[in-house]
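Notes for the one structure printed next.
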Amino acid sequence: MSESALKSLKRNLDKQALTEHEKNVEILRTLGYHEETIAGMAPEEIDLMMEDAVSFQIQVVYMKANEDGTTSVISEEECLAAMETQQNAIATAEGDNDGWGNWTSSDGYLRMTISSNYIDPSSMNGQKGWYYFYTWYEWLIIPNHKYTDAMSIASPMCTWETFNANNAYYSSSYYLATDINGNSGTFNTPVKTTQDLTVTAEGIYYEWNLPKESGTVITYIQYYVRAKARVTDFTSSKQIGVYIKYVHTYPIITTNPSFTWSSKGDIGVSLNFNLQVGANTYFYNISHEYNP
């Protein structure tokens with residue numbers, strides 16, 4: 001969404017009897033964010049997205065973790081059809097003897113959303129070229145293995161804010177679970193701290209332990225990451241490439257996976273070579289025009 005389009009949308013929302021937060025949620029909906037994505041975010045994070053944003057770019061991609069270990073990009077329609085099949089199975093299952101808990105797909109379905117938000121220079125002491133990069137990784141159909149995963153944001157044409165800078169980095173997780181009686185609950189796990197974050201010259205990555213079932217079946221997981229960076233050359237127009245990568249691991253023999261940063265191929269976090277751990281890798285990038 002361009003600067004002029006965003007200003008026009010805000011003017012229209014100002015005419016309605018809405019709080020500032022409600023206006024911000026409406027902007028996210030207009031931009032194309034899904035309701036599950038919005039529900040998993042803390043209200044203050046949504047408000048921060050809008051507070052100093054001049055323009056937005058958003059891309060959404062759906063990916064499938066196939067049973068044989070490969071991954072593939074799929075359409076939203078294909079993902080929604082798989083979700084409907086699973087939801088119908090949940091609705092008809094009543095208990096363990098009726099197959100409750102056995103309806104999970106052998107394949108996992110992941111929605112990845114990436115957004116580049118240009119920050120108003122007036123809120124950065126007049127400095128141009130600052131962005132917030134946001135990513136959401138949502139397991140819409142949970143994979144069989146819930147182990148340690150990692151995710152990254154990279155942009156080789158940017159420099160990344162210092163480790164402990166105010167509002168530079170943030171991450172959180174949120175998930176839904178259903179018990180044997182069909183009752184649903186939401187769970188917000190503690191916000192990840194900077195000790196779980198690795199900052200490199202080209203980007204950042206986090207590691208996560210996926211939530212495990214405890215008398216419930218997890219039906220949705222969201223991981224959310226925000227990172228702040230500045231275009232290296234902020235004096236001239238150029239195309240900025242932003243890369244996101246999610247590494248989902250699964251045990252071949254139980255062991256602890258470890259991750260490093262890779263600047264080759266699909267830039268971002270990589271699983272260290274380990275014969276005892278396998279991984280599905282999801283990679284996506286967008287390119288947008290920077291105009292000072």
>> Checking Leu110 against Leu140 for the side-chain contact (heavy atoms from CB on, under 4.5 Å) test, could you report, in this order, the C-alpha distance in whole Å, the side-chain angles of both residues, the deciding distance, and whether it holds?
In response: CA-CA 6 Å; Leu110 180 71; Leu140 303 177; over 6 Å; no
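- The environment of NZ in Lys7 is sparse: at most 12 heavy-atom neighbours from other residues, nucleotides or ligands sit within 6.0 Å.
- At a threshold of 4.0 Å, the pair Glu26-Arg29 counts as salt-bridged, since one of the basic side-chain nitrogens sits closer than that to a carboxylate oxygen.
- Using a 30° and 60° split on the angle between ring planes, Tyr175 and Phe187 fall in the parallel class, below 30°.
- A distance-only check finds a donor-acceptor pair linking the side chain of Asp233 to the backbone of Thr235 [under 3.5 Å].
- Between Arg111 and Glu76, none of the side-chain N atoms (NZ, or NE/NH1/NH2) sits under 4.0 Å from a carboxylate O, so this pair counts as no salt bridge.
- In Gln239, the CD atom is crowded: over 12 heavy atoms of neighbouring residues, nucleotides or ligands sit closer than 6.0 Å.
- Within the 3.5 Å criterion, the main-chain N or O of Ala42 finds no donor-acceptor partner in the side chain of Glu45.
- Of the N and O atoms on the side chains of Lys238 and Ser236, at least one donor lies less than 3.5 Å from an acceptor on the other residue.
- The two atoms that bring Ile119 and Tyr131 nearest to each other are CD1-C, 3.7 Å, heavy atoms only.
- Note on residues 14-58: pairs passing ring-ring contact (aromatic ring centres under 6.0 Å, His included), not counting sequence neighbours, are Tyr33-Trp136.
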>> Go through it in stages, so that I can follow the logic: the residues are Met124 and Asp52, the test is side-chain contact (heavy atoms from CB on, under 4.5 Å), and I'd like the CA-CA distance, side-chain angles, deciding distance and then a yes or no.
In response: CA-CA 9 Å; Met124 298 299 298; Asp52 300 315; over 6 Å; no
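- Side-chain contact between Phe163 and Leu197 is present, with at least one heavy-atom pair separated by less than 4.5 Å.
- No donor-acceptor pair closer than 3.5 Å links the side chain of Ser262 to the backbone N or O of Ser270.
- The closest donor-acceptor contact from the side chain of Lys212 to the backbone of Lys146 lies under 3.5 Å.
- With a 4.5 Å cut-off on side-chain heavy atoms, Met50 and Leu28 count as touching.
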> Does the pair Lys23 and Asp14 meet the rule for a side-chain contact (heavy atoms from CB on, under 4.5 Å), with working shown?
Replying inline: CA-CA 8 Å; Lys23 293 176 187 176; Asp14 286 340; 2.9 Å; yes
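- Shortest non-hydrogen contact noted between Ile58 and Leu31 is CG2-O, 3.6 Å.
- Between Tyr134 and Tyr224, the angle of the ring planes stays under 30°, which puts this pair in the parallel group of the 30/60° scheme.
- Annotation: side chain of Met112 is not in contact with side chain of Val60 (no heavy-atom distance under 4.5 Å).
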>> If you apply the rule side-chain hydrogen bond (donor to acceptor under 3.5 Å, both in side chains), what do you find for Ser116 with Gln57, and how did you get there?
In response: CA-CA 5 Å; Ser116 300; Gln57 178 158 342; over 6 Å; no
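- Listed here is the closest heavy atom pair of Asn117 and Ser115: OD1-OG, 2.6 Å.
- Between Trp139 and Tyr282, the ring planes lie perpendicular to each other; the angle is over 60°, past the 30° to 60° tilted range.
- Of the possible polar contacts, one joining the Asn24 side chain to the Glu20 backbone as a donor-acceptor pair under 3.5 Å is found.
- Between Tyr243 and Pro156 the shortest side-chain heavy-atom distance falls below 4.5 Å.
- When all heavy atoms are compared, the tightest approach of Leu6 to Ala53 is CD2-O, 3.7 Å.
- Thr113 is not listed as a side-chain neighbour of Gln59, based on a closest heavy-atom distance of 4.5 Å or more.
- By the 4.5 Å heavy-atom criterion applied to side chains, Ile267 and Glu202 are counted as neighbours.
- Checked options Tyr170, Trp160, Tyr118; the residue passing with Phe133 is Trp160 (criterion: ring pair (Phe, Tyr, Trp, His ring centres under 6.0 Å)).
- Looking at Ser237, its side chain never comes within 3.5 Å of a backbone N or O of Asn291 through a donor-acceptor pair.
- Considering only heavy atoms from C-beta on, Asn285 stays 4.5 Å or farther from Lys245 through its side chain.
- Side chain of Thr162 to main chain of Asn164: no donor-acceptor pair is present (N/O by atom type, distance under 3.5 Å, no hydrogens or angles).
- Taking all atoms of both residues into account, the shortest heavy-atom contact from Phe259 to Val247 is CE2-CG1, 3.9 Å.
- By the neighbour-count criterion of 12 heavy atoms within 6.0 Å, atom NZ of Lys128 is sparsely surrounded, having that number or fewer from other residues, nucleotides or ligands.
- When all heavy atoms of Gly40 and Gln222 are compared, the pair lying nearest together is CA-NE2, 3.5 Å.
- Using a 4.5 Å cut-off on side-chain heavy atoms (C-beta onward), Ile221 and Glu138 make no contact.
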>> If you apply the rule side-chain hydrogen bond (donor to acceptor under 3.5 Å, both in side chains), what do you find for Trp208 with Tyr137, and how did you get there?
In response: CA-CA 12 Å; Trp208 298 86; Tyr137 305 87; over 6 Å; no
